[in-house]
Amino acid sequence: MNGASPVLIGFLVAAAAILVVMAAIARTTIEPPETQAVVTSAGYQLRKGWLWALAAAAVVALAISLPSFPYGKSATLTGQHFTVIASQYSFELPPVVPAGKNIVFDVTSKDVNHGFGIYDERGHLIAQVQAMPDYVNHLPLRFSVKGHYVVRCLEYCGIAHAAMQGAFEVR
Amino acid sequence: MWAYLVTGIAVFALMVLVGLAMRMEQAHWVTYDPGSFYAMMTLHGSGMIVALALCGMGGLWFIMDRERPMDQGLAWSAYALIVLGVVAVILSVFPGHFGAAWTFLFPLPFVGATWPNWATGTFLIGVALVMLGWTIFCAQLLGCVLSKYGGLRGAMGWDLVFHHDAFVASGRPEPPPAAFAALITAVDGLFAAAGGMLVGVALIIHWLDPSVAIDPLWAKNLTYLFGHTFANLTIYMAIAFVYVALPRYAQREWHTSAVLAIAWWGTLLFVATAYFHHLYMDFVQPRGVQYIGEVASYLAAFPPAVVTIFGGALLIYRSRMRWTMSSMFMYAGLIGWLIGGVGALIDATIPVNVSLHNTLWVPAHFHTYLLEGVTLFVFGWIFADLEVRTGVVSSLATRWIAGLGIFGGGAVLLLGWYVAGAASVPRRYAEEPAPGPAIAAWASVGAILLIAGLIVCLIEAVRLARTRSAAATP
Ligand code: HEM
Ligand SMILES: [Cu+2]
């Protein structure tokens, strides 16, 4: 299974819940009808609660996600730097990066936009950043698991985009 | 403007087949070279967005023209520009083989191209023509809304919100819900077109004179400002159809409230600012903008969730609903919109985006609200017209068959993308790593069922249309 699976399961549960609720609402049309005024006044009451629930959910999601933003603070950009240069259709990569230390990938491109996507041995996408010409994106990381990592291009870059791969070791 | 709708549906039908051909290639059911795959991907992406936009424009024009008649000549010239643009885009792809995707992210159209230089120019000029036609349409729509409802203040429902009692006492007409959809489409549409034109013209100049330099980050921002906003507006245009048609079937009224007006102000703002989520993985982008991207993406969900979809559900609840092909599609479209929106919100959360950005999760969520949302609103609109004119309602069996194909087949197609996206399979890969191809195989089965449902729908629409002409002849 995959690191993104909780996300998939959460989504599927939400989708199923939406389907059930909306189907239940559709089914009420076979019940004896109710006047619109009665339905709306009850509905507007419910809507207030719904609005607050959504607002609370949004605030919680923001609060949880903020500390895990991938951009790093200037303090985390001080580890050992490794240059990554993407070009149609390959990556220039360091062959080995250290495990258990703060490192920074300095990622750029020689030609068009590419994506630098790091896949672990289970095939999970664990980190990514765009590789853009004229710019250097700094990706701070800390590998806790040693092993062989595959890099795939994650921005459409032309005819051999799907074949654009690289690899490095974490030791 | 039936020409808009008919052209939109025709382009849509062609692009559905292109989509199927792509999914089947990813499933290894058919094989062709990646150059053809990416040319088809370019065509499918741009063609579908324009197809839905054309349908939305046609319907919205019709709705607003009843409010205040609009100039036919202008509408036709906008239409002509768009059709010309579509023809240019098609020529650039076939036979031109242009394949830099509908997002034509600079400098991709120019570097390492496997297509001739003329194809690049033809594509860019085609896109510019579409934008020009779109601009004319938006300007016309804006003029219509503003003149009918007393300028921006009236059309925005300002007094309705802030001087409610005085407004009601004055007896001035409030803009109907569909007018808000029209206003927001026009304003955000002009905004998107300005951004798109800027980057489009810059690229055309670069095509003419390659020594003219363009900043890739600047181009990326404008490309997504345009692409995101334009694609989103196809939803907001089609919402006008729901506002107009669904109440007829529920035998209730959908009128403008202060809350509805405020919701549309939110949409006006957040549709135009949420595009930053396309640049989450550009770490050189100013940090503040990334926060704005996440907040605006969340906030963009509030108006639909709290007002339009909630309002739609309330409209149906214990009403004397007449379930027909049209009302079934409208209601199902609200569900698809909501579910796709959940997929979008998940992806708009930056730490999650790290493992979903540019994976198949992206086509998963946008196909959910484009295919099982906007497309259904358009079908619902067309059937609403046919049902009203003929007084004929499709049989329960026909509705079941169409529904099973479109929702059942569609669900299988969409699930394939969600599952593969969660499994880190990248999007826009002609040759996907495992488990991509296996998933693509059952997704293709879903797509075929979906297309079967669409064909049933088409046959039924033609049948109704012919009943109509039969009824019209004495
Ligand atoms: C039978 C229905 C459809 C099928 C089988 C289909 C299939 C596909 C496939 C295979 C892709 C490429 C995904 C990837 O690997 O990255 C794609 C992309 C896309 N589709 Fe569809 N699609 C369908 C309907 C639609 C509809 C209704 C719309 C919108 C109106 C749409 C808009 C797009 C867009 C904008 C892209 C992105 C192209 C790009 O990445 O440049 N599709 N579709
Ligand atoms: Cu690439």
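A note on names: the letters A, B, ... follow the listed sequences, proteins ahead of strands, and every chain is numbered from 1.
With a 4.5 angstrom heavy-atom cutoff, B:Asp215 touches chain A only via side-chain atoms. Contact of A:Met22 with chain B is made through backbone and side chain together, with heavy-atom distances under 4.5 Å. In this structure, chain A has no heavy atom under 4.5 Å from any part of B:Gln251. Heavy atoms of A:Leu12 lying under 4.5 Å from chain B belong exclusively to its side chain. For A:Tyr119, the part lying near chain B is the side chain, with the backbone staying farther off; criterion is any non-hydrogen pair under 4.5 Å. Both the backbone and the side chain of B:Ser319 come within contact range of chain A, each with at least one heavy atom under 4.5 Å from a heavy atom of that chain. With a 4.5 Å cut-off on non-hydrogen atoms, B:Val352 touches chain A through its side chain but not through its backbone. For chain B, the nearby part of A:Tyr135 is the side chain; its heavy atoms alone come within less than 4.5 Å. Contacts between A:Pro32 and chain B at a heavy-atom distance below 4.5 Å involve backbone atoms as well as side-chain atoms. Proximity to chain B (any heavy atom under 4.5 Å) is restricted, for A:Val136, to the backbone atoms N, CA, C and O. For B:Val419, the parts sitting under 4.5 Å from any heavy atom of chain A are the backbone and the side chain alike. Contacts of A:Gln128 with chain B are made by both backbone and side-chain atoms, with heavy-atom separations under 4.5 Å. Of the two parts of B:Tyr418, the backbone and the side chain both hold a non-hydrogen atom closer than 4.5 Å to a non-hydrogen atom of chain A. Residue B:Thr103: no heavy atom, backbone or side chain, is found under 4.5 Å from chain A. Looking at B:Arg322, there are no atoms closer than 4.5 Å to chain A (heavy atoms on both sides), in backbone or side chain. In this structure, the portions of B:Ile339 lying under 4.5 Å from any heavy atom of chain A include both its backbone and its side chain. Using a 4.5 Å cut-off between heavy atoms, A:Ala26 contacts chain B through both its backbone and its side chain. For B:Ala100, the part lying near chain A is the backbone, with the side chain staying farther off; criterion is any non-hydrogen pair under 4.5 Å. Within the 4.5 angstrom heavy-atom criterion, atoms from both the backbone and the side chain of B:Tyr280 approach chain A. Within the 4.5 angstrom heavy-atom criterion, only side-chain atoms of B:Leu315, from C-beta onward, approach chain A.
Side-chain atoms of B:Arg252 and A:Val39, non-hydrogen and from C-beta on, do get closer than 4.5 Å to each other. Under the 4.5 Å side-chain criterion, counting only non-hydrogen atoms from C-beta, B:Phe106 is not in contact with A:Asn113. Two residues are said to be in side-chain contact when any heavy atoms from C-beta on lie closer than 4.5 Å; A:Pro33 and B:Arg320 meet this criterion. B:Pro426 has its side chain within reach of A:Arg152: a pair of non-hydrogen atoms, C-beta onward, lies under 4.5 Å apart. When side chains are defined from C-beta on, B:Phe110 does not count as touching A:Val112, because their heavy atoms never get closer than 4.5 Å. Between B:His357 and A:Leu125, every side-chain heavy-atom pair lies at or beyond the 4.5 Å cut-off. At least one side-chain heavy atom of B:Met41 sits less than 4.5 Å from a side-chain heavy atom of A:Tyr156. For the pair A:Asp111/B:Pro107, no side-chain contact is recorded, criterion being any heavy-atom separation below 4.5 Å from C-beta on.
The SG atom of A:Cys157 sits 11.0 Å away from atom CG of B:Leu105, with the distance rounded to the nearest 0.5 Å. Atom CG of A:Leu154 and atom CE of B:Met281 lie 10.5 Å apart (nearest 0.5 Å). Distance CZ/B:Arg428 to SG/A:Cys153: 11.0 Å, rounded to 0.5 Å.
The salt bridge (Lys or Arg N to Asp or Glu O under 4.0 Å) pairs that include a residue from residues 84-110 of chain A are A:Glu92-A:Lys110, where partners are two or more places apart or lie in different chains.
Remark: aromatic rings of A:Phe11 and B:Trp361 are close, center separation under 6.0 Å. Centroid-to-centroid, the aromatic rings of A:His138 and B:Phe283 stay 6.0 Å apart or farther.
Remark: A:Ile159 engages A:Tyr89, B:Pro34, B:Thr114 in a side chain to side chain contact (heavy atoms under 4.5 Å, CB included) (not counting sequence neighbours). Listed by chain and number, the residues in a side chain to side chain contact (heavy atoms under 4.5 Å, CB included) with B:Ala263 are B:Pro303, B:Val307 (sequence neighbours excluded).
Checking each of B:Leu279, B:Val284, B:Leu217, B:Asn358 against A:Gln130 for a side chain to side chain contact (heavy atoms under 4.5 Å, CB included) leaves exactly one that passes, namely B:Asn358.
The aromatic rings of A:His161 and B:Tyr429 sit perpendicular, their planes meeting at an angle over 60°, well past the 30° parallel limit.
Side-chain atoms of A:Gln88 come within 3.5 Å of backbone N or O of B:Val111 as a donor-acceptor pair.
Listed in order of number, the residues of residues 50-66 of chain A that approach chain B to under 4.5 Å between heavy atoms are A:Trp50, A:Leu51, A:Leu54, A:Ala55, A:Ala58, A:Ala61, A:Leu62, A:Ser65, A:Leu66.
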